[in-house]
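Just so it is clear: chains get the letters A, B, ... in the order the sequence lines come, proteins before strands, and each one is counted from 1.
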Amino acid sequence: MPAAANPAARAAPPRKAVPPPEALLGWYDRHRRRLPWRAEAGKREAPYRVFLSEIMLQQTTVVTVRPYYAAFLKRWPDVEALAAAPLEEVLSAWAGLGYYARARNLHACAKAVVARHGGRFPADEAALLDLPGIGPYTAAAIASIAFDRRAAPVDGNWERVVARLFAVDEPLPKARAKLRALALTLLPDEGYGDFAQAMMDLGATICTPRKPACALCPWRPDCAGYATGAPEVYPLKAAKAARPTRRGVAFLAVRADGAVLVRSRPASGLLGGMSEVPSTPWEVDGVASPAGHAPLNAQWCALNAPVTHVFSHFALELDVWRADLSAATRAPAGHRWVRPEGFDAEAFPSVMRKVLAKL
DNA sequence: CATGCGTGGAC
DNA sequence: TGTCCAAGCAT
């Protein structure tokens with residue numbers, strides 16, 4: 001849609017060019033990716049599906065989410081089904097996906113939608129924002145994608161695209177407010193859902209973090225970042241803190257019938273509500289006397305194969321101690337025996353799967 | 001506003 | 001191998 005086609009544009013005073021939304025929407029029409037949670041052109045996906053996908057996609061890649069999304073949808077086809085499920089089942093199905101507060105909030109949100117809204121997701125950004133696990137991004141994503149409401153779901157893709165379009169010289173996270181304000185200037189007059197998804201696709205396939213494919217970008221003529229010759233430097237980022245290493249000992253108590261001693265973690269915090277093998281606390285300098293933390297008195301034998309795992313804000317090095325016990329051994333309070341056939345039904349996070357692999 | 005909160009893949 | 005990164009939220 002060239003400005004010259006409009007006679008009035010010639011007379012208008014010169015005004016800072018805003019990248020035209022039509023260019024992006026046209027590109028999206030031609031290149032829209034097929035994704036399990038994305039409706040065909042001209043249609044809208046059910047709000048529950050948008051909701052489920054958006055929660056799963058928070059800080060998580062499309063490739064990782066795919067199988068979880070399919071499994072959840074099959075097991076809990078609608079919000080009522082999810083709301084009626086026991087939390088333990090939801091956590092178990094979520095195991096391996098990470099950021100487990102999302103699973104707890106997903107479940108709480110389903111219940112809230114049933115209780116507060118009769119099982120219908122609200123279309124209002126503000127009402128969505130009130131629900132557990134739904135923040136500014138997800139509220140805007142559901143409002144725009146599921147309901148085609150005017151909203152800007154500014155995620156990492158949007159931030160990168162906008163930072164480059166305007167060559168924003170302020171680093172993240174401080175630049176967030178400015179990026180959001182600039183993002184709002186880009187919105188079209190209609191087609192909000194398509195525009196939101198187009199921004200994400202552009203960021204995921206063209207305006208990528210490392211080597212953006214500017215030659216294929218519909219907004220290249222309008223991009224200040226491209227004009228600088230080094231668009232990939234945007235968005236600028238503040239230096240991040242180093243990641244410390246914590247150490248501990250995990251206790252693999254194995255009964256003669258193969259059952260392993262397991263417990264559940266506290267409902268909130270790191271790996272909240274997930275299942276685990278008992279262990280010492282995980283501390284930066286390790287634990288002085290691990291034996292004092294053993295779940296039961298036994299002949300503990302150190303395996304010479306520590307488990308290493310990297311969390312978002314620390315690395316973990318876990319030594320594993322094993323003890324073999326008679327089939328009659330009772331589980332201490334707060335613990336339970338789980339046989340290998342039962343592992344899949346447990347909510348073991350990845351680090352615990354690594355520990356159990358030492359069996 | 002900074003920090004806590006997972007995981008696996010790419011380079 | 002280490003570093004960065006992916007459709008953020010809660011506190």
Return the polar atom pairs (N/O with N/O) between nucleotides 4-7 of chain B and the protein under 3.5 Å, or none.
{"from": "B:dC5", "atom 1": "OP1", "to": "A:L270", "atom 2": "N", "distance (Å)": "3.4"}
{"from": "B:dC5", "atom 1": "OP2", "to": "A:H313", "atom 2": "NE2", "distance (Å)": "2.3"}
{"from": "B:dG6", "atom 1": "OP1", "to": "A:Y100", "atom 2": "N", "distance (Å)": "3.0"}
{"from": "B:dG6", "atom 1": "OP2", "to": "A:L271", "atom 2": "N", "distance (Å)": "2.6"}
{"from": "B:dG6", "atom 1": "O4'", "to": "A:Y99", "atom 2": "N", "distance (Å)": "3.0"}
{"from": "B:dG6", "atom 1": "N7", "to": "A:Y99", "atom 2": "OH", "distance (Å)": "3.3"}
{"from": "B:dG6", "atom 1": "O6", "to": "A:Y99", "atom 2": "OH", "distance (Å)": "3.1"}
{"from": "B:dG6", "atom 1": "N1", "to": "A:Q59", "atom 2": "O", "distance (Å)": "3.0"}
{"from": "B:dG6", "atom 1": "N2", "to": "A:Q59", "atom 2": "O", "distance (Å)": "3.2"}
{"from": "B:dG6", "atom 1": "N2", "to": "A:T60", "atom 2": "OG1", "distance (Å)": "3.0"}
{"from": "B:dT7", "atom 1": "OP1", "to": "A:Y100", "atom 2": "OH", "distance (Å)": "2.6"}
{"from": "B:dT7", "atom 1": "OP1", "to": "A:S350", "atom 2": "N", "distance (Å)": "2.7"}
{"from": "B:dT7", "atom 1": "OP2", "to": "A:H309", "atom 2": "NE2", "distance (Å)": "2.6"}
{"from": "B:dT7", "atom 1": "O3'", "to": "A:S350", "atom 2": "OG", "distance (Å)": "3.3"}

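To the nearest whole angstrom, the two C1' atoms, one in B:dA2 and one in C:dA7, are 23 Å apart. C:dC9 and B:dG8 have their P atoms separated by 22 Å, given to the nearest Å. Using atom P as the reference point in both C:dA6 and B:dC5, the two lie 22 Å apart (nearest Å).
Remark: side-chain polar atoms of A:R104 are paired, donor with acceptor, to backbone N or O of A:A267 under 3.5 angstrom. Looking at A:R164, its side chain does come within 3.5 Å of a backbone N or O of A:Y234 through a donor-acceptor pair.
Between A:W158 and A:F195, the ring-plane angle classifies as perpendicular under the 30° and 60° cut-offs. A:F121 and A:F51 have tilted rings, their planes meeting at an angle from 30° to 60° on a 0 to 90° scale.
Side-chain contact, A:Q58 with A:T138: a donor N or O sits under 3.5 Å from an acceptor N or O. In summary, the side chains of A:R160 and A:N157 do present a donor paired with an acceptor at a separation below 3.5 Å, with no hydrogens or angles considered.
Checked against the 6.0 Å centroid criterion, the rings of A:F251 and A:W300 qualify as a close aromatic pair. Checked against a 6.0 Å centroid threshold, the rings of A:F311 and A:H309 count as neighbours.
For the pair A:E159 CD and C:dC4 P, the computed distance is 17 Å after rounding to whole Å. Taking atom OH on A:Y69 and atom P on C:dA7, their separation rounds to 18 Å, with Å as the unit. Atom CD1 in A:I55 sits roughly 7 Å away from atom P in C:dC9 (whole-Å rounding). Between the CE atom of A:M200 and the P atom of C:dA7 there is a distance of 9 Å, rounded to whole Å. Rounding to whole angstrom units, CH2 of residue A:W37 and C1' of C:dA7 are separated by 9 Å. For A:L172 and C:dG8, the CG to P distance is 12 Å, given to the nearest whole Å. Here the C1' atom of nucleotide C:dG8 and the CG atom of A:N157 are 12 Å apart, to the nearest Å. One can place CD of A:E232 at 21 Å from P of B:dA10, the figure rounded to the nearest angstrom.
Contact between the side-chain N/O atoms of A:R160 and the OP1/OP2 oxygens of C:dC5 is not found at any separation under 4.0 Å. Phosphate proximity of C:dC5 to A:K240: present, with a side-chain N or O under 4.0 Å from OP1 or OP2. For C:dC5, one of the phosphate oxygens OP1 or OP2 lies less than 4.0 angstrom from a side-chain nitrogen or oxygen of A:K237.
Using a 4.0 Å heavy-atom distance criterion, A:L35 is classed as a base contact. A:R33 comes within 4.0 angstrom of a base, heavy atoms only.
If A:L129 and A:T208 are placed on DNA chain C by their nearest nucleotide, the residue sitting closer to the 5' end is A:T208. Each of A:P173 and A:R210 lies near DNA chain B, and the nucleotide nearest A:P173 is the one positioned closer to the 5' end.
The pair A:E170-A:K178 counts as a salt bridge, with a side-chain nitrogen and a carboxylate oxygen less than 4.0 angstrom apart.
Remark: nothing in residues 130-147 of chain A comes within less than 4.0 Å of DNA chain B through any heavy atom.
At most 12 non-hydrogen atoms from other residues, nucleotides or ligands lie less than 6.0 angstrom from OH of A:Y226.
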